[in-house]
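Order of the sequence lines sets the chain letters (A, B, ...), proteins ahead of strands, with each chain counted from 1.
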2 protein chains.
Amino acid sequence: MSRTYTIRELAREFGITSRTLRHYEDEGLISPERRGTQRIYSARDRARVTLILRGRRVGFTLAEIGEILDLYNEEDHGAAQDMHARSKFVQRIAALERQYKDIEESIAELKLGVTRIDNRMTERHEEINPRPQVRVSGFGVLPAAE
Amino acid sequence: MSRTYTIRELAREFGITSRTLRHYEDEGLISPERRGTQRIYSARDRARVTLILRGRRVGFTLAEIGEILDLYNEEDHGAAQDMHARSKFVQRIAALERQYKDIEESIAELKLGVTRIDNRMTERHEEINPRPQVRVSGFGVLPAAE
DNA sequence: TTTCCCGTTTACGTGAACGTCAATGGTTTG
DNA sequence: CAAACCATTGACGTTCACGTAAACGGGAAA
């Protein structure tokens, strides 16, 4: 019998609020059991939350995430339903691959931005304390704050 | 003299509405000139719209996009402002890199979904027209429902 | 028992990103 | 010159993903 979780535990583990978990339940994305009135989340619920949050981070709506989760659970829809599902999956994959490219480009541009700031700061420093040029392209040096 | 665009032209080119372009202007992301009361968009405005839309696709809010755009244009903020800006950039880069990973994983999972559907359809076909086949083992992403 | 601390439901509130009128005005086309 | 368009400024409406308070219950600790 694998371990279960309270709403607080799960919320803290994922860095979300209880309200958010209840909201996902309202939207039909998870359906934890109850011990009396209180929710008990199973390992399966936990796994679904992982997928939900990742889906959100890549820009899916909760409704879209719901569709996808459903498709992993339902058994037989018939060929027509499957074709429909398949094309939806393929579309989403294409969208994600476009997004992948967008992200690469955005990262490149933000790094350019960091470089420009670094150069500006270096210049300011040199006005006061001139020094032979060692231009640092410096990213990835700082730990992700907070 | 480089070419200019009407609001309709730009909207159609980017697949957005005029309302959206006005909204971006309300939010201070672009500031096209006016010929009388009408907006004329320059090549620079057009470039900014490109960045705005890409920013949106990767999940930035309009406010965040505004900050980023500003940093490409403003001249001197002083060292303190620059440090602040730099750390925001670095944070954004970190977030995007995490997102990058999320997308890879999501793509992998959606592809798994497609495979499962394909197998199901193959099975159905085999009922009618049997054929030896390598079966992809059916472990799901989620623990099975009890 | 009373006091906390979780937890629950119900329901209205909020911020972001536009959508959708309504009222108005310039322009070009038949 | 009137009809068709396209544009502009309010300003209220809408969807999504929760936030936030109100009112209530159960259990454990003081």
*Asks:* Can you give the donor-acceptor pairs under 3.5 Å from side chains of residues 27-34 of chain B to other protein atoms, not counting sequence neighbours?
*Replies:*
from	atom 1	to	atom 2	distance (Å)
B/Arg34	NH1	B/Thr37	O	2.8
B/Arg34	NH2	B/Glu25	OE2	3.1

*Asks:* Using atom types as modelled and distance alone, determine if a side-chain donor or acceptor of A/Thr20 lies under 3.5 Å from a backbone N or O of A/Ile16.
*Replies:* no
*Asks:* Roughly how many Å is it from CD in B/Glu27 to P in C/dG15, rounded to a whole number?
*Replies:* 13 Å
*Asks:* Nearest whole angstrom, please: distance from the C1' of C/dA17 to the CD1 of B/Ile52.
*Replies:* 13 Å
*Asks:* Counting only side-chain nitrogens and oxygens, does A/Tyr24 get under 4.0 Å of the OP1 or OP2 atom of D/dC18?
*Replies:*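 Yes, A/Tyr24 has a side-chain N/O under 4.0 Å of OP1/OP2 on D/dC18.
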*Asks:* Starting from P on D/dC18, measure out to CZ on A/Arg57 and report it in whole angstrom.
*Replies:* 12 Å
*Asks:* Measuring to OP1 and OP2 of C/dT9, would you say a side-chain N or O of A/Arg19 lies under 4.0 angstrom away?
*Replies:* no
*Asks:* Within this structure, what is the OH-to-P distance between B/Tyr41 and D/dA7, rounded to whole angstrom?
*Replies:*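 After rounding, the reported distance stands at 10 Å.
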*Asks:* What is the distance from CD1 of A/Ile65 to C1' of D/dA17, rounded to the nearest Å?
*Replies:* 11 Å
*Asks:* Mind checking A/Thr6 for me? I need base, sugar-phosphate or nothing, with any heavy atom below 4.0 Å counting as a touch.
*Replies:* sugar-phosphate
*Asks:* Can a donor-acceptor pair be found between the side chains of B/Thr115 and B/Asp118 at a distance below 3.5 Å?
*Replies:*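 Not at all, the side chains of B/Thr115 and B/Asp118 share no donor-acceptor pair under 3.5 Å.
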*Asks:* Please check the phosphate of C/dG19 (OP1 and OP2 only) for any side-chain N or O of B/Thr20 closer than 4.0 Å.
*Replies:* yes
*Asks:* With heavy atoms under 4.0 Å as the rule, sort B/Arg35 into base, sugar-phosphate or nothing.
*Replies:*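 Answer is nothing: B/Arg35 stays at 4.0 Å or more from every strand.
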*Asks:* Between the side chains of A/Glu9 and A/Tyr41, is a donor N or O closer than 3.5 angstrom to an acceptor N or O?
*Replies:*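 A/Tyr41 and A/Glu9 do not have a side-chain donor-acceptor pair below 3.5 Å.
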*Asks:* Using a cut-off of less than 4.0 Å, is there contact between a side-chain N or O of A/Arg39 and OP1 or OP2 of C/dT9?
*Replies:*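 For C/dT9, OP1 or OP2 has a side-chain N or O of A/Arg39 closer than 4.0 Å.
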*Asks:* Taking CG from A/Leu29 and C1' from D/dC18, how many angstroms apart are they, rounded to a whole number?
*Replies:* 13 Å
*Asks:* Heavy-atom nearest nucleotide on DNA chain C for B/Arg56 versus B/Thr37: which residue maps closer to 5'?
*Replies:*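 The answer here is B/Arg56.
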*Asks:* What's the CD-P distance between B/Glu64 and C/dG15, to the nearest Å?
*Replies:*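 Rounding to the nearest Å, CD of B/Glu64 and P of C/dG15 are 16 Å apart.
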*Asks:* From C-beta outward on B/Arg34, which listed nucleotide comes closest to its side chain: C/dT9, C/dC18, D/dT8?
*Replies:* D/dT8
*Asks:* Which residue lies toward the 5' end of DNA chain D, B/Gln38 or A/His23, if each is placed at its nearest nucleotide?
*Replies:* B/Gln38
*Asks:* Please classify the nucleic acid contact of B/Arg22 as base, sugar-phosphate, or nothing, using heavy-atom distances under 4.0 Å.
*Replies:* base
*Asks:* Rounding to a whole Å, what distance do you find between A/Asp26:CG and D/dT20:P?
*Replies:*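 Result: 17 Å.
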*Asks:* Look at all strands and tell whether A/Thr17 reaches a base, only sugar-phosphate, or nothing, counting heavy atoms closer than 4.0 Å.
*Replies:*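 If one applies the 4.0 Å heavy-atom cut-off, A/Thr17 turns out to touch the sugar-phosphate alone, with no base involved.
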*Asks:* So, is B/Arg8 close to the D/dA7 phosphate, meaning a side-chain N or O under 4.0 Å from OP1 or OP2?
*Replies:* yes
*Asks:* Cation-pi between B/Arg92 and B/Phe60: NZ/CZ under 6.0 Å from ring centre and within 45° of the ring axis?
*Replies:*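 No - B/Arg92 does not lie over the ring of B/Phe60 by the 6.0 Å and 45° rule.
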